[in-house]
Amino acid sequence: RPLADFLSSESAGKLAYLARELAGRGEGRQSLWIADGLDARRDDGTPFSAEATLSRFTAAGHPFFTLILRNIDDRLAAVARQRHHVSAFL
């Protein structure tokens, strides 16, 4: 399935921009961490917030990319709970 099936159109656009940026980097600098701000979809279509690692490499003279998406919904919920508890004490 195409990558666009797993990302919102805004997130797909962001990744396309970052992929072009990676193509202009020198060897050894073709990987980056995308801390947050990606809206992804599970195979069943349900959404989740994601962070990612995007890497570019060349094999047999052709460029390839790897994208590792990580669901950060639980982390975001924990941060929100922590902020709520901290604000209750202030």
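None of these values were measured; they are calculated from a predicted model.
Judged purely by distance below 3.5 Å, without hydrogens or angles, the side chains of R41 and S8 never pair a donor atom with an acceptor atom.
Checked against salt bridge (charged side-chain N to carboxylate O under 4.0 Å, His left out), R1 has the following partners two or more places apart in sequence or in another chain: D5, D43. Contacts of T46 classified as side chain to side chain donor-acceptor pair (under 3.5 Å), with partners at least two apart in sequence or in another chain: R42, D44. The side-chain contact (heavy atoms from CB on, under 4.5 Å) check on S49 picks up I72, D73, L76, with sequence neighbours excluded. E21 meets the side chain to side chain donor-acceptor pair (under 3.5 Å) test with R25; sequence neighbours excluded.
As a member of the Ile/Leu/Val/Met/Phe/Trp/Tyr network built from side-chain separations under 4.5 Å, V79 groups with nothing else and remains a singleton.
With rounding to the nearest 0.5 Å, the separation of CZ in R56 from CG in L32 is 12.5 Å.
A heavy-atom distance below 4.5 Å is not found between the side chains of S55 and Q30. Side-chain contact between L67 and T53: absent, with no pair of heavy atoms (C-beta onward) separated by less than 4.5 Å. Annotation: side chain of L54 is not in contact with side chain of I68 (no heavy-atom distance under 4.5 Å).
Pairs of residues two or more places apart, or lying in two chains, never qualify as ring-ring contact (aromatic ring centres under 6.0 Å, His included) while including a residue from residues 1-35. For the ring-ring contact (aromatic ring centres under 6.0 Å, His included) condition, the pairs that include at least one residue of residues 48-72, sequence neighbours left out, are F57-F64. The list of side chain to side chain donor-acceptor pair (under 3.5 Å) pairs with a residue in residues 74-83, not counting sequence neighbours, reads E51-R75. Screening residues 7-19 for salt bridge (charged side-chain N to carboxylate O under 4.0 Å, His left out), with sequence neighbours left out, gives no hits.
S11 and G37 make their closest contact through OG-O, 4.0 Å (heavy atoms, listed as atom of the first residue, atom of the second, distance).
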